[in-house]
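Structure, as structure tokens:
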Amino acid sequence: MNLGNFNIKATDGLARRGEYYTAHGVFETPNFMPVGTQATVKGMTPDQLKEIGAQIILSNTYHLHLRPGEDVINRLGGLHKFMNWDRPILTDSGGYQVFSLAKLRKITDEGVMFQSHIDGRNLMLTPEKVVKIQEILGVDIMMVLDECLAYPSTEAQARNSLDITLRWAKRAQVARSRAETLAFGIVQGGMFPELRKSAAHELSQIPFDGYAIGGVSVGEPLELMREITKVSAENLPSDKIRYLMGVGTPTDIVESVALGVDLFDCVMPTRCARFGRLWTENGYINIKNAQYREDSTPIDSECDCYTCRNFSKAYLSHLQRADEILY
RNA sequence: GGAAGGGUGCCCGAGUGGCUAAAGGGGGCGGGCUGUAAACCCGCUGGCUUACGCCUACAUAGGUUCGAAACCUAUCCCUUCCA
């Protein structure tokens, strides 16, 4: 099989069904990556992830670089062995931390200077360094360093930011040195369709193994997110995999697939589970609400998952109140 | 029987004359969460009222004072120590 090959097996409108080949095997698309920022999907073992059908997971360059460090992981046999996950891994570049840790970083042409959120020390992440770190981690798919722009931003800010992201993308491509580590470029451009369009076109000139849409779900209205997803996706090569970063809700995923997106990731399932928001066919419930205290029925009577088959809302409500992490 | 320290809102606990319907926790009630600084964060939590405000409240009963959770007296209860 050819690494980075995206085999589209069926289409329906803009939606596609396919297979993507990596050094740790194939994953089907459309697909959703559970988020394992710190080399663990919070609250879940690899076996449990496989049990629910996870074929690829996401981890994070910034976080693993800070702790425990890519060299430590490398000496322990690489990220897959370290966390005992033998299926594909994609790592985010730290571009999201440019957004989420905005108060702790400074962007220059060279890269991003972060002040560690752990101990305050300074660290510089450049496009080249981020490529290197991900190659050392031994991941299957690396993301190039980008600037995930905050919302709202002016067109001038978005243009400026996009220029940097595109220059960084070119530098990242040049810096690559390991064939088994595939790389995805990232479309930015804020909430400006014309910028998105030109970003997608320009990025497509760089021979990445896939293309991502970043900088959405940063606080903008839902319709705007759809519009930006649409214009970004339709201007990317149709024969390459498309990854919508950080999205999303079940509805977001279904609607984005219809716009031609193939791959997703989001912290929502793991975070909401920890915080007590549980999803059903009919939206979500807050399991801590008083009404569930003695509710003997499952979260979703139509669902055949382990939790729904075996536990009542009353029990789950108790676990949530007692700060127990089981389920 | 004697000595000392205590009794504060659902619970723990700060407060020793006015800025106190009473800090801070916890609990309770509700909300938020989209490439995770996130087992986190934000509201509300005596009663009535839209609000102004009024009423009730810091063991109990009196008292001092313009004003008391706070000072005084009595009573009840709790903890520790001594007999």
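Treat the numbers as computed from the prediction; the structure is a model and nothing was measured. Proteins come first, then strands; the chains are lettered A, B, ... in the order of their sequence lines, and each starts at number 1.
With both ends at atom C1', the span from B:C11 to B:U45 equals 14 Å, rounded to whole Å. Distance check on atom P: B:C52 versus B:C58 gives 24 Å, rounded to whole Å. Distance check on atom P: B:G5 versus B:A74 gives 16 Å, rounded to whole Å. Comparing B:G9 with B:A57, their P atoms sit 14 Å apart, to the nearest whole Å. A gap of 34 Å separates the C1' atoms of B:U64 and B:C81, to the nearest Å. Separating the P atom of B:G17 from that of B:G28 is a span of 36 Å, rounded to the nearest Å. A gap of 10 Å separates the C1' atoms of B:U16 and B:A68, to the nearest Å. Taking atom C1' in both B:G13 and B:G27, the straight-line distance is 14 Å, to the nearest Å.
With a 3.5 Å ceiling on both atom-pair distances, B:U36 lacks any Watson-Crick or G-U wobble partner. A 3.5 Å limit on both hydrogen-bonding distances identifies no Watson-Crick or G-U partner for B:G9. B:C19: no Watson-Crick or G-U partner with both key distances under 3.5 Å is found in any strand. Summarising the base pairing, B:G43 is matched to B:C29 through a Watson-Crick or G-U wobble pair whose two defining distances lie under 3.5 Å. Searching all strands for a Watson-Crick or G-U wobble partner of B:U60 with both distances below 3.5 Å returns B:A74. Here B:G1 sits opposite B:C82 as a Watson-Crick or G-U wobble pair (both hydrogen-bonding atom distances under 3.5 Å).
Residue A:Tyr292 contributes atom OH, which lies 13 Å from atom P of B:C29 at whole-angstrom precision.
A 6.0 Å sphere centred on CZ of A:Arg159 holds no more than 12 heavy atoms belonging to other residues, nucleotides or ligands.
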Can you give one letter per nucleotide of nucleotides 33-38 of chain B, going 5' to 3': B for a protein heavy atom under 4.0 Å from the base, S for sugar-phosphate only, - for none?
BBBBBB

Scoring nucleotides 41-47 of chain B by protein non-hydrogen atoms under 4.0 Å (B base, S sugar-phosphate only, - none) yields -------

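The aromatic rings of A:Tyr20 and A:Phe184 sit perpendicular to each other, their planes meeting at more than 60°, with 30° as the lower class boundary.
In this structure a side-chain-to-backbone donor-acceptor pair under 3.5 Å is present from A:Asn310 to A:Tyr306. Panel note: side chain A:Glu135, backbone A:Arg178; a donor-acceptor pair is recorded below 3.5 Å. Looking only at distances, no side-chain donor or acceptor of A:Glu220 sits under 3.5 Å from a matching main-chain atom of A:Pro152. Counting only distance, with no hydrogens or angles, the side chain of A:Arg196 and the backbone of A:Val187 share a donor-acceptor pair below 3.5 Å. Side-chain atoms of A:Glu281 never come within 3.5 Å of backbone atoms of A:Ser301 as a donor-acceptor pair (strictly under, hydrogens ignored). At least one donor-acceptor pair under 3.5 Å links the side chain of A:Ser93 to the backbone N or O of A:Val144. Of the possible donor and acceptor atoms, none in the side chain of A:Glu128 sits under 3.5 Å from a partner among the backbone N and O of A:Ala175.
Each of A:Lys240, A:Arg16, A:Lys9, A:Arg17 was compared with A:Asp262 under the salt bridge (Lys or Arg N to Asp or Glu O under 4.0 Å) criterion, and only A:Arg16 meets it.
With A:Tyr211 as the aromatic partner, A:Arg242 does not meet the cation-pi criteria of under 6.0 angstrom to the ring centre and within 45 degrees of the ring axis.
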Trace of the side-chain contact (heavy atoms from CB on, under 4.5 Å) decision for A:Gln97 with A:Asp92:
CA-CA 9 Å; A:Gln97 279 62 47; A:Asp92 181 36; 4.0 Å; yes

Please enumerate all protein N or O atoms sitting under 3.5 Å from an N or O of nucleotides 25-28 of chain B, with distances to 0.1 Å.
| unit_1 | atom_1 | unit_2 | atom_2 | d |
| --- | --- | --- | --- | --- |
| B:G28 | O3' | A:Arg293 | NH1 | 3.4 |

